[in-house]
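What you see is a predicted model, and the numbers here were worked out from it, not measured in a lab. If you read the sequence from its start, that first residue is 1, and numbering goes on from there.
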Amino acid sequence: MTLLLVTDLEATCTDKNEFPREEMEIIEIGAVIMDFNGDILGEYQTFIRPEKHPTLTDFCKQLTTINQEDVDSAQFYRDRMADFSKWIDRTTSGEHFIFCSWGDFDKNIIARQSKELKTYGHHIVRHHVNLKKKFGAENKLKRDPGVWKALQIKKMEFEGTQHRALDDAKNIARLALTLNWNGYK
């Protein structure tokens, strides 16, 4: 059986170019593992302490509602990705899974940080589906929409807090169930 690992990440960010985009770091992971019937097999959420730019910008705190204390008391990427990987293994019980995210940002930042730190992550993003592109193509849209717009198109309400990883992942999972998965199962 193939499962879907629907993941959303929050990362350090700035609106005043305080650091380059290539130096963004993951500060929160939210994920759900589900089958194609929509049964949620597990949920995961954790904060990660950034190393390059440990102090969150005001913009980042306002956008994500993540507090400095949340990341200051968290473990670093290497430890959190090891834990995330173990959670995936336990939850999937060895079943094949497809890593899904809304866009390529999540896949790319995991691959980049894992490579930079020579740690876990590469295997997680190996089989990736960009749900934003899939949604846009299947709904014959000229532009691939954000999560909020996609929910509106499907006449669904956003549940939870925007830009919080687990809430975003749950909403993305709901959208994933509206898509055609023939050939993936």
Apply side-chain contact (heavy atoms from CB on, under 4.5 Å) to residues Lys61 and Asn67 and explain how you reach the verdict. CA-CA 6 Å; Lys61 290 185 282 189; Asn67 297 312; 5.7 Å; no
Does Asp144 form a salt bridge (charged side-chain N to carboxylate O under 4.0 Å, His left out) with Lys133? I'd like the steps, not just the answer. CA-CA 6 Å; Asp144 299 332; Lys133 282 201 177 310; 3.8 Å; yes
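A distance-only check finds a donor-acceptor pair linking the side chain of Thr178 to the backbone of Leu175 [under 3.5 Å]. Side-chain atoms of Glu28 never come within 3.5 Å of backbone atoms of Ile66 as a donor-acceptor pair (strictly under, hydrogens ignored). In this structure, the side chain of Gln113 does not engage the main chain of Tyr77 through any donor-acceptor pair within 3.5 Å. Without hydrogens or angle criteria, Glu95 side chain to Met1 main chain gives a donor-acceptor distance under 3.5 Å.
Partner of Met81 under the side-chain contact (heavy atoms from CB on, under 4.5 Å) criterion, chosen from Thr46, Leu117, Ile29: Ile29.
No salt bridge links Arg164 with Glu10; every basic N to acidic carboxylate O contact stays at or beyond 4.0 Å. For the pair Asp83 and Arg80, the salt-bridge criterion is met [side-chain N within less than 4.0 Å of a carboxylate O].
Asn180 and Lys134 form no side-chain donor-acceptor contact under 3.5 Å, judged by distance and modelled atom types alone. With hydrogens and angles left out, the side-chain atoms of Thr65 and His163 include no donor and acceptor closer than 3.5 Å.
Under the 30°/60° scheme for interplanar angles, the aromatic rings of Tyr44 and Trp87 are found to be tilted.
Considering only heavy atoms from C-beta on, Asp35 stays 4.5 Å or farther from Leu4 through its side chain.
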